[in-house]
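Model, not experiment: these values are computed from the prediction.
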Amino acid sequence: MEFLVHRLYLALIALLLFGVTGVVTPARAVEAISVPPNVNAIDLTHSVERYVNHGASLQVSTAPGADGIVRRIEVTSRDGSNTDWIVFALSNPSDEQIDRLLISPFYRLVGSGIAWPDLGRSRVASLSPSQGIVPERMPSPEADVFRITLDPGAVITFVAELRTPNVPQLYLWQPEAYKDSVNAYTLYKGIVLGISGLLALFLTIIVVIKGTIMFPATAALAWVVLGYLCIDFSFWNRVFGIGAGGEQVYRAGGEVLLAASLIVFLYGYLNLNRWHIHYSHVAIAALVLLLGLFGIAIADPAIAAGIARLSLGVIGLLGFGVVLVLAFQGYDRAIMLIPTWVLLLTWLFGAALAVSGSLSNNLVQPALDGGMVLIVLLIDFTVMQHAFAGGALVQGAIGDVERRALALTGSGDMIWDWDVDRDRIHTAGELEALLALKPGTLEGPAREWLDVIHPQDRDRFRATLDAIIDQRRGRISQIFRLRSEDGHFRWFLLRARPLLGADGEVVRCVGTLHDVTEQKTFEERLLHDSVIDNLTGLPNRQIFVDRFDAAMVRYRVEGTGRPTAIVLDIDGFKQVNDNQGISVGDSILLTMARRLARQLKAQDSLCRLAGDQFGIVLLSEQQPDRIAGFGEALRRTLRAPLTFGEHEIYLTGSIGLAIGDEANTTVEEVVCDAEIAMYQAKMLGGDRLEAYRATLKTVTGGRVVLENDLKSAIGNGELRILYQPIVRLNDRTIAGFEALVRWQHPKQGWLGPHEFIPLAEESGIINELGLYVLERAARQLAYWQQQSQENYRLFTSVNVSSRQLLRHDLINDVKAVMVRTALTPGTLKLEVTESLVMENPEFSAKVLERLRSFGAGLSLDDFGTGYSSLSYLQRFPFDTIKVDQSFVRNDHRNHNGAARPVILRSIVTLAHDLGMDVVAEGAETESDALELLQMGCEYAQGFLYGQPMPAEDTGKMLANQLTRMQG
């Protein structure tokens with residue numbers, strides 16, 4: 001009866017306290033958990049009562065003791081703040097005192113969560129018993145550990161003040177059993193860390209041996225896994241003394257690095273940059289986002305870790321898709337990576353089950369740690385399998401013989417092996433496949449090769465082999481032709497050397513065969529273009545002189561077949577060419593060439609000397625009257641009208657002839673005499689035939705004098721270089737100049753380029769004149785660029801003539817000028833016309849490419865008036881297109897009409913699509929400039945911005961512009 005009264009009294013007191021203060025919350029009595037002496041561990045995680053955010057103090061009823069009495073205890077928070085609590089009770093049913101360890105781990109992967117994971121910290125702030133000795137906190141870097149003592153028959157209720165809302169795991173361990181468990185787990189940790197460290201170290205050594213991207217990427221993944229395991233095993237806590245709270249940042253950083261290193265490995269191992277540039281873009285973007293999580297990890301580790309865990313899953317799935325795609329394409333690396341990636345996906349699935357709480361076994365976390373090491377080990381095996389199967393590692397350890405074999409394979413050359421003793425030649429099967437021959441056709445004695453070798457090469461081939469055997473030294477380097485099945489011949493270069501036996505005799509001759517058909521074709525094309533006019537297909541001036549020289553030699557030896565040199569020039573051709581366009585001019589030249597060719601007989605020769613000049617070596621007529629009649633026939637042929645559409649063009653010719661004579665000392669004199677006669681016919685109004693006579697030298701002496709004066713002017717530096725501004729349309733600032741040459745003749749006054757440039761081209765002085773202009777323009781440009789940093793991109797354009805471009809010395813001249821002046825690359829622009837490059841496109845492309853490599857800019861002048869062939873335009877390395885003024889002027893002088901703006905806009909768009917700038921010539925009004933700017937044209941040149949002026953005036957313009965910009 002007294003017992004019941006006592007219980008009611010206590011209940012009443014509790015009710016009064018709660019009703020009055022509202023602070024202390026009563027709790028029901030807990031059931032005691034029996035602790036048998038022979039049980040090593042008891043899981044208390046789900047056997048405790050939880051009080052979340054309960055208040056600054058907690059009042060609970062204890063579990064009934066041995067006497068059946070339920071008591072009340074009250075526990076207050078250490079810092080007096082609102083906190084979380086757990087309550088549990090333990091009983092000792094035995095008659096012996098029991099010591100146990102209460103264990104609450106700081107971090108547990110199982111149930112930690114995905115999106116906002118629990119990264120661990122100290123869980124229990126204090127532990128208060130209902131009676132007996134206060135539990136002692138034991139030092140531990142991995143868990144909250146309290147030593148609990150239970151007297152025989154005692155029932156004790158424990159109230160734990162928590163630092164976190166939840167306790168992922170709570171165990172009651174027998175001290176010795178816990179010690180054994182810790183020791184066993186420590187041994188497991190050491191084994192796993194040791195294996196992981198060895199793998200990382202081994203892969204690092206491989207990187208040192210051969211640092212291809214595949215091995216550094218794999219080594220990085222191995223080191224990241226090792227670092228993550230050190231965090232998970234609390235290794236860094238022991239080394240650096242990191243607290244349980246600080247470990248969250250390291251754990252979040254480790255998971256971020258794990259996701260990043262997986263991307264790096266996938267990118268490096270599969271060499272994704274070779275497949276598509278988008279792979280590189282995606283990989284870089286993902287790395288930047290992941291590495292940006294380090295900043296988030298410092299502020300909130302849980303968010304960073306959550307994103308990293310989600311990223312691992314996405315990387316695993318997307319990576320598996322990439323591996324499968326590349327594997328279906330037959331990529332060996334992707335195929336070998338499939339088993340490893342399947343294991344990785346399995347590990348990610350198990351990790352997802354663990355962190356979500358679906359898989360809660362105590363062995364899950366150690367198993368996942370070991371699984372990471374297993375994945376790295378399998379990746380290591382995969383990488384090494386690739387390496388030893390012919391990958392990067394093998395390349396780093398091959399011998400000299402193997403290296404030579406690999407070099408031979410890479411060069412694409414074919415093996416040629418002649419066994420001298422057996423007289424058998426062995427070649428690779430690709431030679432027979434290249435020639436479409438039956439397999440084994442070229443496998444046999446050397447004499448059988450003579451059947452497929454070109455007849456002109458057989459003797460050289462046989463003599464070369466005999467010489468090697470007789471002399472027992474030397475090397476074979478010979479080009480010969482082999483016949484294919486269809487009868488065509490291909491060129492091959494044989495390089496071989498003899499191998500001597502023990503007796504000093506040649507036993508083998510081993511070397512390579514290289515197909516040089518394209519090279520020989522190109523050389524023949526260059527040779528052809530160097531002597532044949534590309535437009536008309538006629539021989540050039542050099543062939544004309546050679547043929548006339550041969551005819552003169554035969555005439556002097558045999559006394560028969562005296563040759564006559566005829567030079568004719570088309571009157572008014574330049575005007576037609578300027579007004580109608582270069583394409584019409586080319587058609588006229590082709591028509592005239594066909595007409596003249598029809599007048600010749602088999603022994604005569606027709607050549608194109610230059611521009612609209614043709615030369616004829618006449619042998620079919622010997623009598624003066626017959627020669628004069630032939631010349632008249634040529635004149636009438638040239639007078640016949642040419643029909644173009646609905647229009648007819650009438651042209652005439654000025655013809656001069658000179659008959660070869662034994663008194664003439666050189667062939668050049670005869671040709672020069674014919675040219676003098678032609679110029680006399682032109683001076684008399686054209687459409688005439690003039691024969692050379694001695695008195696003509698005095699009449700045409702003025703031309704010779706002018707030529708000599710020009711040579712003196714170049715040597716004495718008397719020619720003036722004027723500069724016409726080229727302006728940027730967007731801000732109207734000076735971007736550069738075009739260098740134009742003028743000559744102030746001491747007797748004839750100022751001469752324009754049209755008055756002496758043709759003379760320079762015909763006489764061969766154009767090369768010296770071009771170099772004269774180039775050097776002075778380059779020096780002036782260098783001076784402008786040195787005067788102010790604002791002008792370092794200022795450019796100057798210099799025109800190049802046909803004789804300069806087709807001369808090999810132009811490359812050396814430009815290179816020397818660029819070296820001497822140290823100009824900014826691309827600012828010295830060489831202007832070349834369309835018709836010029838199309839005279840010999842193959843050779844021009846090679847020359848322009850070399851000029852571009854020296855730092856010279858290239859501008860295509862008068863675009864739209866010539867060939868304008870898009871197929872050739874994209875082959876030439878031009879950086880600027882200069883639009884002819886006929887497409888720019890919008891006035892009555894422009895005959896293009898309504899089509900002009902359409903054509904101009906198309907040219908600008910085409911240039912921009914090809915990566916070129918556009919300079920428009922002939923801008924004379926503001927409306928012209930505005931129209932060009934609206935079309936996207938970058939530069940304009942014309943009288944609107946200034947006429948050609950001396951360098952002193954251009955310097956003042958640049959100084960004024962700089963002052964305005966700085967002001």
D144/R137 salt bridge by N-O under 4.0 Å criterion: yes
Donor-acceptor pair between W223 and T204 side chains, under 3.5 angstrom: yes
For the student: nearest non-hydrogen atoms of S104 and V167, plus distance: OG-CG1, 3.3 Å
Inter-residue atom distance D95.CG - D151.CG, 0.5 Å rounding: 12.5 Å
Minimal non-hydrogen separation, R108 against Q169, with atom names: NE-NE2, 3.0 Å
side-chain contact (heavy atoms from CB on, under 4.5 Å), paired with L312, selected from L344, V256, L348: L348
Any donor-acceptor pair under 3.5 Å from N183 side chain to K179 backbone: yes
Heavy-atom donor-acceptor pair, S261 side chain to L221 backbone, under 3.5 Å: no
Side-chain (R147) to main-chain (P135) donor-acceptor, under 3.5 angstrom: no
Enclosure of Y185 OH (heavy-atom neighbours >12, cutoff 6.0 Å): yes
Validation row: L90, I42 side chains within 4.5 angstrom (heavy atoms): no
Atom of V192, atom of D369 and distance for their closest heavy-atom approach: CG1-O, 4.3 Å
Polar side-chain atom of S91 near backbone of P93 as donor-acceptor pair, under 3.5 Å: no
Salt-bridge present (E176, R100; N to O < 4.0 Å): no
pair E74-S57: side-chain heavy atoms closer than 4.5 Å: yes
Straight-line distance of T346 OG1 to W341 CH2, nearest 0.5 Å: 12.5 Å
Residue pair V35 / N92, side-chain heavy-atom distance below 4.5 Å: no
Approximate separation, where rounding is to 0.5 Å, of R309 CZ and S356 OG: 10.5 Å
Main-chain N/O of R71 paired with T62 side-chain donor or acceptor, under 3.5 Å: yes
T83 side chain to S77 side chain, donor-acceptor N/O pair below 3.5 angstrom: no
Heavy-atom check, side chain of V323 versus side chain of L337, under 4.5 Å: yes
Pairwise distance CE(M372) to CH2(W347) - rounded to 0.5 angstrom: 5.0 Å
Minimal non-hydrogen separation, Y188 against P366, with atom names: OH-O, 2.6 Å
Value rounded to 0.5 Å, distance of CD1 in I379 from OH in Y269: 9.5 Å
For the student: nearest non-hydrogen atoms of V48 and T45, plus distance: CG2-O, 3.7 Å
Whether D84 side chain and N53 backbone form a donor-acceptor pair below 3.5 Å: yes
Euclidean distance, Y171 OH relative to N40 CG, rounded to 0.5 Å: 12.5 Å
Distance-minimising heavy-atom pair for I114 and A352: CD1-O, 4.4 Å
Note, L101 side chain near L172 side chain (heavy atom, < 4.5 Å): no
Heavy-atom side-chain contact between S122 and F106 under 4.5 Å: yes
